[in-house]
Amino acid sequence: MAQAPDLKLVPTPGQTVGPFFGYALPYEKDSELLAPGHPRSIRLHGTVTDGAGNPIPDALLEIWQPDEHGVVSQETGSLRRDGYTFTGFGRAAVDNVGHFTFTTVNPGPTEEGQAPFIALTLFARGLTNRLFTRIYLPEDTEALAADPLLNAVDAERRDTLIAEREADGALRFDVRLQGEGETVFLAYPRES
């Protein structure tokens with residue numbers, strides 16, 4: 001009796017990214033981790049562009065972060081905003097020129113001496129899976145210089161992971177998917 005050949009299952013994309021996610025995933029106040037105008041709040045914004053520098057008009061971004069004291073929130077309610085509870089999660093769709101905005105707080109370091117950062121996930125058409133990166137704050141240069149992940153990145157590309165502080169206290173972080181100035185994206189290998 002003949003044996004069936006061994007089948008090797010290959011992984012499929014973790015998320016089908018197509019033209020419909022932008023309609024199904026957004027929800028009311030999704031980009032407001034804290035209410036706009038709250039004394040603790042800051043604006044985090046930027047654009048998402050392709051390899052030619054053209055804006056991507058239908059990307060969707062998600063962020064996870066600790067609060068300004070470095071505490072990772074255990075609060076529920078990420079999908080129902082009450083305007084007061086910081087849950088550490090937000091989602092923002094870009095507009096027709098590729099611009100996104102979150103209202104959030106400056107994250108604190110989760111461990112003493114570590115550089116604070118915001119984790120960012122990007123969904124966009126043409127991607128077979130989401131992309132992961134980090135947004136570091138620009139101020140603590142000593143912590144940035146000691147950060148293990150930044151030190152693992154080529155020196156000329158580290159700046160693509162560091163936001164710019166604007167005069168009003170906002171953070172600007174632009175995401176470029178390819179080409180010159182391409183944002184460094186992170187891989188999270190799956191265990192088999």
Side-chain angles (χ1 to χ4, degrees), residues 15 25-26 29-34 36 38 40-50 53 55-56 59-73 78 86-95 97-124 127 129-188:
Q15 171 93 24
L25 295 179
K29 299 181 182 179
D30 56 1
S31 63
E32 297 177 9
L33 285 74
L34 211 57
H38 190 282
R40 295 167 48 202
S41 70
I42 64 160
R43 179 181 186 216
L44 166 64
H45 72 111
T47 57
V48 180
T49 55
D50 64 15
I56 296 177
L60 189 79
L61 299 93
E62 293 180 342
I63 60 171
W64 290 268
Q65 66 169 94
D67 68 12
E68 62 270 51
H69 306 293
V71 176
V72 176
S73 177
S78 291
F86 180 80
T87 62
F89 171 78
R91 182 180 288 155
V94 300
D95 61 18
V97 292
H99 189 256
F100 66 89
T101 298
F102 290 96
T103 306
T104 187
V105 298
N106 286 308
T110 55
E111 293 180 32
E112 190 168 324
Q114 285 201 339
F117 67 89
I118 298 170
L120 183 140
T121 300
L122 174 77
F123 302 88
L127 298 176
N129 210 338
R130 58 193 165 169
L131 299 174
F132 301 94
T133 191
R134 287 184 176 183
I135 305 169
Y136 285 92
L137 306 185
E139 289 87 8
D140 192 346
T141 53
E142 188 174 317
L144 291 173
D147 187 85
L149 187 136
L150 284 175
N151 283 317
V153 174
D154 292 337
E156 61 273 5
R157 298 193 63 207
R158 286 184 196 144
D159 286 347
T160 69
L161 297 174
I162 302 171
E164 295 176 31
R165 182 71 69 185
E166 296 182 322
D168 64 356
L171 287 172
R172 178 160 188 118
F173 186 78
D174 295 320
V175 179
R176 180 132 189 195
L177 297 185
Q178 291 180 307
E180 188 176 334
E182 177 184 328
T183 300
V184 171
F185 296 105
L186 309 173
Y188 293 94

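Given the structure is predicted, the values throughout are model-derived calculations rather than measurements.
Note that the CG atom of Leu122 and the CZ atom of Phe185 stand 6.0 Å from one another [nearest 0.5 Å]. One distance of note links CZ of Phe86 with CG of Asp67; it measures 6.0 Å at 0.5 Å rounding. To the nearest 0.5 Å, the span separating NE2 on His45 from OG1 on Thr101 amounts to 6.5 Å. Separating the OG1 atom in Thr104 from the CG atom in Leu171 is a distance of 9.0 Å, to the nearest 0.5 Å. The CD1 atom of Ile135 sits 9.5 Å away from the CG atom of Leu161 when rounded to the nearest 0.5 Å. To the nearest 0.5 Å, the span separating CG on Leu137 from CG on Leu144 amounts to 8.0 Å.
When the side chain to side chain donor-acceptor pair (under 3.5 Å) test is applied to Glu32, no partner is found at least two apart in sequence or on another chain. Remark: Glu164 pairs with no residue by the side chain to side chain donor-acceptor pair (under 3.5 Å) rule, at least two apart or across chains. Residues forming a side chain to side chain donor-acceptor pair (under 3.5 Å) with Glu139 (at least two apart in sequence, or on another chain): Arg165. Not counting sequence neighbours, His38 has no partner by the side chain to side chain donor-acceptor pair (under 3.5 Å) test.
Put simply, the side chain of Leu33 reaches to within 4.5 Å of the side chain of Ile63, judged on heavy atoms. When side chains are defined from C-beta on, Pro26 counts as touching Leu60, because their heavy atoms get closer than 4.5 Å. A heavy-atom distance below 4.5 Å is not found between the side chains of Leu131 and Val175. At least one side-chain heavy atom of Trp64 sits less than 4.5 Å from a side-chain heavy atom of Thr121.
For residues 132-152, every residue pair satisfying the ring-ring contact (aromatic ring centres under 6.0 Å, His included) rule, not counting sequence neighbours, is listed here: Phe117-Tyr136, Phe132-Tyr188. For residues 167-179, the pairs satisfying side chain to side chain donor-acceptor pair (under 3.5 Å) are Thr47-Asp174, Arg172-Asp174, with sequence neighbours left out.
When all heavy atoms of Ser73 and Gly88 are compared, the closest pair comes out as CB-N, 4.3 Å. Ala92 and Ser31 get closest at one heavy-atom pair: CB-CB, 3.8 Å. Contact detail for Arg157 and Glu182: the closest heavy-atom pair is NH2-O, 3.1 Å. Looking at every heavy atom in both residues, Phe173 comes nearest to Arg134 through CZ-O, 3.7 Å. When all heavy atoms of Phe102 and Leu61 are compared, the closest pair comes out as CZ-O, 3.7 Å. Taking each heavy atom of Gly108 and Pro66 in turn, the nearest pair found is O-CG, 3.5 Å.
Arg158 places no side-chain N or O within donor-acceptor distance of the main-chain N or O of Ala145, the cut-off being under 3.5 Å. Judged by distance alone, the side chain of Asp147 and the main-chain N or O of Ala143 form no donor-acceptor pair under 3.5 Å. Panel note: side chain Thr133, backbone Leu120; no donor-acceptor pair is recorded below 3.5 Å.
Atom CD of Glu112 sits in a sparse spot, with 12 or fewer heavy atoms from other residues, nucleotides or ligands closer than 6.0 Å.
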